[in-house]
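I have placed the structure first, in the form of structure tokens, so that the comments after it can refer back to it.
Since this is a predicted model, take the numbers as computed values, not measurements. FYI, the numbering just counts along the sequence from 1. Values reported hereafter were calculated over all heavy atoms of this structure, with side chains retained and with hydrogens, waters and symmetry mates removed.
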Amino acid sequence: MAALSKSIPHNCYEIGHTWHPSCRVSFLQVTWGALEESLKIYAPLYLIAAILRKRKLDYYLYKLLPEILQSASFLTANGALYITFFCTLRKILGKFYSWTPGFGAALPASYMAILIERKSRRGLLTIYMANLVLLFCITAAMYMFFFRCKDGLKGFTFSALRFIVGKEEIPTHSYSPEAAYAKVEQKREKHEEKPRRMHIISLVRKLVNLICKHGPRHRCCKHYEDNCISYCIKGFIRMFSVGYLIQCCLRIPSAFRHLFTKPSRLLSLFYNKENFQLGAFLGSFVSIYKGTSCFLRWIRNLDDELHAIIAGFLAGISMMFYKSTTISMYLASKLVETMYFKGIEAGKVPYFPHADTIIYSISTAICFQAAVMEVQTLRPSYWKFLLRLTKGRFAVMNRKALDVFGTGASKHFQGFVPRLDPRYTVVKPELPIEFS
């Protein structure tokens with residue numbers, strides 16, 4: 001562990017922005033690079049979200065671009081303000097301590113940056129300490145339980161789950177078989193009067209119905225048009241297609257960049273392994289959840305909110321197809337946030353103003369401290385994200401000079417010595433090793 005009182009006399013050029021001696025130029029370079037990457041991240045993300053949520057034309061004309069710019073500004077500010085406080089602390093303190101290059105600079109930077117972001121997107125962050133699949137299983141179980149409970153979830157979360165698992169799983173609040181059966185018959189009669197158009201989707205639907213023509217359906221099930229087997233199969237096909245298309249859309253910018261240099265890479269847009277992994281994850285999640293829910297209705301002869309806990313937990317196993325720390329941790333943090341606000345509404349938990357902002361700032365500062373002083377303790381996915389956001393500049397810090405703090409800062413950067421201009425250094429720079 002690094003001693004907090006120990007210090008080194010190097011300036012910010014020698015430790016941080018080793019690629020250029022000017023703080024202002026380095027700030028502009030980091031800001032521009034972060035803005036470019038932020039737009040690449042948020043533009044397709046918001047566009048896909050808008051399509052999935054079936055936004056109206058007014059949203060695309062007046063709200064889409066401002067929301068993209070706001071979130072991109074937040075992420076850009078995180079990088080720009082970090083290097084600002086990095087240099088400012090060095091000028092104020094006159095030297096570097098073990099906590100200043102990481103935690104000290106990142107804490108105020110992340111706090112000010114998160115204030116730019118919309119409050120609805122300020123999720124709680126946490127340190128990654130739980131098993132990924134198990135964590136997702138527990139998170140999914142609680143989400144699905146709240147989804148089935150009256151007034152359990154609201155807003156985007158409820159809409160997203162309704163889109164994923166279907167309107168048939170919207171809260172039923174313990175329907176009895178008799179009441180449900182009457183609605184099934186009424187819906188069936190109404191449905192028989194509807195003409196069906198002959199197109200590709202209807203042909204696929206008819207094929208699935210033909211395969212599962214004689215399948216069973218419990219009277220408590222609300223999927224009036226399908227039996228339980230076809231209900232699960234259709235759910236898998238629908239969400240597999242959605243996951244596949246989402247991953248294809250995310251790969252479009254990088255694929256078209258090589259349109260003229262390597263046209264063969266366009267094929268990877270459709271046959272990439274990740275496309276099928278995301279599709280399998282979403283498809284299996286929905287089919288397992290629906291299948292388990294139907295099974296429990298058959299076993300208990302009742303439609304109960306508690307079924308969602310078991311069904312959601314088992315559906316969480318689908319994370320095996322697409323092991324994403326980002327998805328798992330984000331959903332877990334949002335679940336904590338949801339439960340926290342429910343506790344406030346019930347009068348069981350005290351309200352702390354700006355709790356999400358403070359927790360985000362501290363969590364981000366801890367991650368930045370690790371990224372500077374102990375990269376080996378940081379998750380590879382987050383380290384790659386930092387490199388992408390800074391155009392690789394986070395990797396050219398003079399970590400060899402930070403080894404004096406005893407954290408093994410240069411452990412994963414053996415042999416790297418930045419090329420520093422002696423005219424702008426306090427300590428005589430070490431000559432970089434030349435490789436033949």
Does any N or O in the side chain of Gln70 come within less than 3.5 Å of the main-chain N or O of Ile116, such that one atom is a donor and the other an acceptor? yes
Between Ala315 and Ser318, which heavy-atom pair has the shortest distance, and what is it? O-OG, 2.6 Å
Please find the pair of heavy atoms, one from Val286 and one from Ile164, that lie closest to each other, and give the distance. CG2-O, 3.2 Å
Over all heavy atoms of both residues, which pair between Tyr322 and Met319 is shortest? Give the atoms and the distance, please. O-SD, 2.9 Å
Are Phe236 and Ile233 packed together at the side-chain level, in the sense that at least one heavy-atom pair is separated by less than 4.5 angstrom? no
Any side-chain heavy-atom pair from Phe163 and Val242 closer than 4.5 angstrom? yes
Show, in sequence, the C-alpha distance, side-chain angles and deciding distance for Phe240 and Phe276, and conclude whether the side chain to side chain contact (heavy atoms under 4.5 Å, CB included) test is met. CA-CA 8 Å; Phe240 179 89; Phe276 296 98; 3.7 Å; yes
Looking at CD1 of Ile310 and CZ of Phe145, how far apart are the two atoms once the value is rounded to the nearest 0.5 Å? 11.5 Å
Check side-chain hydrogen bond (donor to acceptor under 3.5 Å, both in side chains) between Tyr59 and all other residues, then give those that pass, not counting sequence neighbours. Glu67
So which heavy atom on Ala80 is nearest to which on Val30, and how close? N-CG1, 4.4 Å
Validation row: Phe281, Met239 side chains within 4.5 angstrom (heavy atoms): no
Working for side chain to side chain contact (heavy atoms under 4.5 Å, CB included), residues Tyr42 and Phe74: CA-CA 11 Å; Tyr42 282 111; Phe74 145 69; 3.9 Å; yes
Has Thr364 got a side-chain atom pairing as donor or acceptor with Ser361's backbone, closer than 3.5 angstrom? no
The reported gap from CD1 in Ile358 to CD1 in Ile114 (rounded to nearest 0.5 angstrom) is 12.5 Å
Value for CG (Leu387) from CD (Glu37), rounded to nearest 0.5 Å, stands at 11.0 Å
Among Thr139, Val165, Ile309, exactly one meets side chain to side chain contact (heavy atoms under 4.5 Å, CB included) together with Met144. Which residue is that? Val165
Quick one, Arg300 with His307, criterion side chain to side chain contact (heavy atoms under 4.5 Å, CB included). Give me CA distance, side-chain angles, the key distance, then yes/no. CA-CA 10 Å; Arg300 297 190 64 206; His307 293 174; 3.1 Å; yes
Before giving the answer on side chain to side chain contact (heavy atoms under 4.5 Å, CB included), spell out for Met373 and Leu402 the whole-Å C-alpha distance, their side-chain angles and the decisive distance to 0.1 Å. CA-CA 7 Å; Met373 305 298 293; Leu402 299 175; 4.0 Å; yes
Looking at side-chain heavy atoms only, is the closest gap between Trp383 and Phe394 below 4.5 Å? yes
Test side-chain hydrogen bond (donor to acceptor under 3.5 Å, both in side chains) applied to Ser73 - qualifying residues, sequence neighbours left out: none
Could you check, using the six-membered ring where one of them is a Trp, whether Tyr82 and Phe368 have ring centers closer than 6.0 angstrom? yes
How long is the span from the NE2 atom in His17 to the CD1 atom in Ile83, to the nearest 0.5 Å? 5.5 Å
Surrounding CZ of Phe295 (heavy atoms of other residues, nucleotides or ligands, distance under 6.0 Å), is the total greater than 12? no
Taking the six-membered ring of Tyr231 (Phe, Tyr or Trp), confirm whether the NZ or CZ of Lys222 is under 6.0 Å from its centre and within 45° of its axis. no
Value rounded to 0.5 Å, distance of CG in Asp304 from CZ in Arg148: 7.5 Å
Looking at Tyr289 and Ala311, what are the two nearest heavy atoms and their distance? CD1-CB, 3.4 Å
Separation of Lys234 NZ from Cys232 SG (nearest 0.5 Å): 12.0 Å
Measuring only between side-chain heavy atoms, which start at C-beta, is Lys400 closer than 4.5 Å to Phe413? no
Report yes if some heavy atom in the side chain of Arg90 is under 4.5 Å from a heavy atom in the side chain of Thr100; otherwise report no. no
Could you tell me whether a side-chain N or O of Gln369 sits under 3.5 Å from a main-chain N or O of Gly104, the two making a donor and an acceptor? no
On a heavy-atom basis, which atom in Leu45 and which in Ile41 lie closest, and how many Å separate them? CB-O, 3.4 Å
Minimum side-chain heavy-atom gap Tyr244-Gln247 below 4.5 Å: no
With side-chain hydrogen bond (donor to acceptor under 3.5 Å, both in side chains) as the test, would you mind laying out the steps for His412 and Arg399 before giving the verdict? CA-CA 10 Å; His412 286 262; Arg399 288 178 172 82; over 6 Å; no
Pick one: which of Leu389, Leu69, Ile68 meets side chain to side chain contact (heavy atoms under 4.5 Å, CB included) with Ser38? Leu389
If we ignore angles and hydrogens, is there a donor and acceptor under 3.5 Å between the side chains of Asn78 and Ser110? no
If you define the side chain from C-beta out and look only at heavy atoms, does anything of Phe416 sit under 4.5 Å from Ser410? no
Contacts of Phe96 meeting ring pair (Phe, Tyr, Trp, His ring centres under 6.0 Å) (sequence neighbours excluded), chain-then-number -> Phe86
